[in-house]
Every structure is written in C-alpha cells, then in structure tokens.
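These notes concern the structure reproduced below.
This structure is a prediction, so every number in the text was calculated from the model and none was measured. Position 1 is the first residue of the sequence; numbering continues from there. The figures here come from the full heavy-atom set of this structure, side chains too, leaving out hydrogens, waters and symmetry mates.
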Amino acid sequence: MLDEVERWLARRSWSADDRPLDQLLAAKRGAGTTVSVVLPALNEEATVGTIVTTIRAELMSDAVPLVDELVVMDSGSTDRTAEVAAAAGARVVHRDAVLPGLPALPGKGEVLWRSLLATTGDVVCFVDADLRDFSADFVSGIVGPLLTDPGVQFVKAMYDRPLGEAVGQGGRVTELVARPLLNLHWPQLAGFVQPLGGEYAARRSLLERLPFPVGYGVELGLLVDALHTVGLDALAQVDVGVRKHRHQDGRALGRMAAAIYRTAQLRLARGHLVRPSLTQFERTAEGFVPRTYAVDTEERPPMESIPEYRSRRVA
C-alpha cells in the first residue's frame with residue numbers, strides 16, 4: 001500500500017459513533033447546510049418503506065432535524081414501490097418526470113444523475129433501497145464528516161457484507177473486479193473498504209461536476225473522478241456496521257462486472273500507473289485492518305510454443 005494511502009486511512013477513516021447526533025446538528029445549524037437523502041428504487045416495495053420510516057423518525061423529527069429532504073427516485077417500478085414509499089413519508093419522483101425531454105436510459109446511475117435535478121440539498125446522500133435491518137447510521141454516519149469537516153467532499157460507507165450466513169463473503173464483484181482494478185490502476189483508492197457500496201454522500205458542488213455512468217459502473221466512476229477532481233484527502237469513509245441486502249445471481253453479477261470494467265476502461269485512457277499489489281481488508285477487534293499482497297504479473301506462454309510439449313505431442 002502507498003504511504004499516502006496508509007496516512008489517509010489513519011486520517012480519513014472513522015466510525016459512525018465518532019460523531020454524535022448533537023455534534024452533527026450543531027455543525028449543520030452553524031453552517032446552514034441542507035441535506036438531501038436519495039433512495040434509487042426499482043421494485044423495492046419489500047424494503048423501501050422501512051428505510052423511509054426509519055429516516056423520517058430518527059433524522060427528520062423536530063428534535064433531530066438532520067435530513068431536510070427525503071426523495072425516492074422510482075426507476076420504473078412495476079410493483080408498489082412508489083405507493084409504499086409515499087405512504088411512509090417520502091417524496092416520490094419518477095425518473096421520467098425529470099428532464100422529460102431527454103429519454104431516460106436504463107440503469108441506476110441514470111437515476112442518481114437525474115436526482116440532482118429533483119433535490120436541493122447542499123449535501124446529497126445516496127442510500128440503496130434494498131437494505132434490510134436498516135440503521136439511521138447509514139445516513140448520519142456518512143453525512144457527518146461533510147457537516148463537521150469543510151475539507152471533506154465525498155464520503156463512502158464501509159461495512160461488513162455477509163453472504164447468507166457467511167460473514168464477510170458479500171461483495172463478490174468488489175473483490176473480483178473492482179478492488180483489483182483500483183489497486184492496479186488507481187492505487188490511491190486502495191484504502192476504500194467498499195468502493196462499490198451504494199451508500200455515500202457528497203457535496204452537491206462536487207457531484208454536479210462529475211459525469212455519471214448510467215449503469216452499474218456509477219459507483220466506481222464517481223469514486224475515480226472524485227479523486228481526480230478534489231484529491232484523496234477530500235475523500236473519506238465511515239464504518240456503519242453491517243449491510244444486509246438482496247444478493248444478485250451469478251449472471252447479474254457478470255453484467256455488473258462488465259459494466260464496471262467498461263467504466264474503468266474509459267478512464268484508463270488517462271494513463272495511470274499499474275502497481276502489482278492488492279490491498280484487502282479484515283475485520284478485527286480494532287476495526288478494518290488492511291492486508292496487502294503482491295499480484296502475480298508474470299505469464300507463461302501458450303503451451304504449444306514450448307519445445308518439450310511439441311516434441312511429446314509428435315511422439
């Protein structure tokens with residue numbers, strides 16, 4: 001791991017408990033900052049209502065007015081997502097109602113991009129709508145650094161991702177595609193525990209300057225472009241515990257991986273150093289600990305080019 005990244009991990013990685021709500025509210029009042037929360041949703045009637053209810057009860061009350069605006073961006077749901085979200089107290093905006101003269105493209109990134117026109121907050125917080133056992137820490141944790149530290153521009157949530165009963169085995173596309181890509185091509189981002197996580201917050205002034213890949217590549221694209229726009233020290237991450245959600249099947253993961261690779265491919269034209277190392281993370285009593293391993297970069301030629309193999313085949 002780069003020395004710069006080790007210093008960043010010590011300086012820009014926190015826990016949600018590090019900033020109590022009263023501290024966040026005081027900072028918010030002092031700066032006059034407004035906060036919008038956006039839930040991109042496509043057929044999430046089973047979970048979106050609980051998330052909206054939790055945010056409204058714990059972060060939008062008279063006693064705790066941390067969130068000013070809660071919007072569910074409906075990406076063309078065919079179930080009762082819109083009705084459930086509205087009944088729980090969210091403002092529901094259909095994707096096609098934003099920029100109606102521009103035909104919408106399918107994909108999560110399209111919805112997130114359009115949400116900038118549907119919201120007004122100085123800080124915009126994105127939260128996936130398929131989370132189970134949702135905690136308000138997913139919002140207050142990642143919004144916190146943006147309210148208390150003017151040098152922070154972009155904050156990702158970090159968490160454990162169980163796969164069924166297997167602890168830490170979620171995030172398969174992260175481990176097999178995104179983390180290797182980032183370590184090899186953007187090693188400054190090697191310290192992010194969950195680079196593809198759908199829970200992150202940023203200042204509007206940054207988001208409005210970034211392109212948004214329309215599909216699954218949006219998280220990687222925003223992270224890479226934020227690095228190049230504001231620098232590593234303006235990026236941060238906050239530990240919010242455990243993330244439980246609906247897992248995709250293998251084919252869906254393949255499509256996700258392809259989109260992420262394509263997003264990276266477009267950005268590789270900028271020409272960045274490839275470093276032969278990979279940093280992964282383990283949860284310990286002290287928190288997430290980075291472990292760095294060398295990446296095998298040597299390749300063997302095709303076996304048919306080896307004389308011994310050719311001679312055996314002839315024999």
Side-chain angles (χ1 to χ4, degrees), residues 8 11-40 51-73 85-86 88-93 97-99 111-128 134-158 197-210 212 222-223 225-227 229-240:
W8 176 85
R11 172 175 163 78
R12 292 303 197 200
S13 293
W14 297 289
S15 166
D17 294 335
D18 291 337
R19 293 176 175 83
L21 280 174
D22 57 353
Q23 180 185 355
L24 300 186
L25 291 171
K28 183 177 187 292
R29 286 192 299 267
T33 305
T34 55
V35 176
S36 297
V37 175
V38 173
L39 276 64
I51 298 173
V52 170
T53 298
T54 300
I55 294 173
R56 287 195 60 85
E58 299 186 27
L59 301 177
M60 298 182 75
S61 66
D62 291 339
V64 186
L66 187 71
V67 173
D68 301 285
E69 185 177 37
L70 176 55
V71 175
V72 170
M73 292 292 298
R91 177 162 63 92
V92 179
V93 178
V98 181
L99 289 176
V111 174
L112 298 183
W113 177 65
R114 289 178 185 249
S115 77
L116 295 182
L117 276 168
T119 57
T120 60
D122 304 311
V123 169
V124 182
C125 174
F126 299 121
V127 176
D128 281 349
F134 177 76
S135 166
D137 286 348
F138 274 77
V139 174
S140 59
I142 58 178
V143 166
L146 295 162
L147 297 175
T148 60
D149 190 331
V152 175
Q153 297 277 321
F154 187 98
V155 183
K156 295 280 291 189
M158 58 177 167
E199 291 69 47
Y200 48 101
R203 300 191 190 279
R204 177 177 294 272
S205 57
L206 171 61
L207 290 174
E208 64 191 11
R209 290 186 284 160
L210 302 180
F212 278 61
L222 290 177
L223 188 59
D225 292 339
L227 171 69
T229 303
V230 295
L232 180 61
D233 196 55
L235 313 183
Q237 60 185 348
V238 175
D239 188 350
V240 297

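Residues F126 and L39 have side chains not in contact (no heavy-atom distance under 4.5 Å, counting atoms from C-beta outward). The shortest side-chain heavy-atom distance between V71 and V37 does not fall under the 4.5 Å cut-off. Counting only heavy atoms from C-beta outward, the side chains of C125 and V38 never approach each other to under 4.5 Å. When side chains are defined from C-beta on, L207 counts as touching F212, because their heavy atoms get closer than 4.5 Å. You'll find the side chain of V238 stays beyond 4.5 Å of the side chain of S15, heavy atoms only.
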Could you walk me through whether V98 and M73 pass the side chain to side chain contact (heavy atoms under 4.5 Å, CB included) test, one step at a time?
CA-CA 10 Å; V98 181; M73 292 292 298; 4.2 Å; yes
Quick one, L70 with R91, criterion side chain to side chain contact (heavy atoms under 4.5 Å, CB included). Give me CA distance, side-chain angles, the key distance, then yes/no.
CA-CA 6 Å; L70 176 55; R91 177 162 63 92; over 6 Å; no
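A118 and V93 get closest at one heavy-atom pair: CB-CG1, 4.2 Å. Heavy-atom minimum distance, A90 versus V52: N-CG1, 3.6 Å. G89 and R56 get closest at one heavy-atom pair: O-NH1, 3.2 Å. Between G121 and V124, the shortest heavy-atom contact is O-CG2, 3.9 Å.
Salt bridge annotation for D233-R11: present, with a cationic side-chain nitrogen under 4.0 angstrom from a carboxylate oxygen.
Remark: side-chain polar atoms of R204 are not paired, donor with acceptor, to backbone N or O of V123 under 3.5 angstrom. A donor-acceptor distance shorter than 3.5 angstrom exists from the side chain of S61 to the backbone of V64, with no hydrogens or angles considered. No donor-acceptor distance shorter than 3.5 angstrom exists from the side chain of T229 to the backbone of A226, with no hydrogens or angles considered.
T34 pairs with exactly one of T119, D122, D68 by the side-chain hydrogen bond (donor to acceptor under 3.5 Å, both in side chains) rule, that one being D122.
To the nearest 0.5 angstrom, T53 atom OG1 is 10.5 Å from E58 atom CD. The CG atom of L222 sits 8.5 Å away from atom CG of L206, with the distance rounded to the nearest 0.5 Å. For the atom pair L66 CG and L24 CG, the distance stands at 6.0 Å (nearest 0.5 Å). For the atom pair CE of M60 and CD of E69, the computed distance is 8.0 Å after rounding to the nearest 0.5 Å. The CG atom of L59 sits 6.5 Å away from the CG atom of L21 when rounded to the nearest 0.5 Å. Rounding to the nearest 0.5 Å places CG of D128 at 4.5 Å from CD of E199.
Take W8 and apply the ring-ring contact (aromatic ring centres under 6.0 Å, His included) test, not counting sequence neighbours, and it matches F192.
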Considering only distance and modelled atom types, tabulate donor-acceptor pairs under 3.5 Å from the side chains of residues 139-158, sequence neighbours left out.
from, atom 1, to, atom 2, distance (Å)
S140, OG, A136, O, 3.3
T148, OG1, R19, NE, 2.8
T148, OG1, G144, O, 3.1
D149, OD1, G151, N, 2.9
D149, OD2, R12, NH1, 2.7
K156, NZ, P195, O, 3.0
K156, NZ, G197, O, 2.7

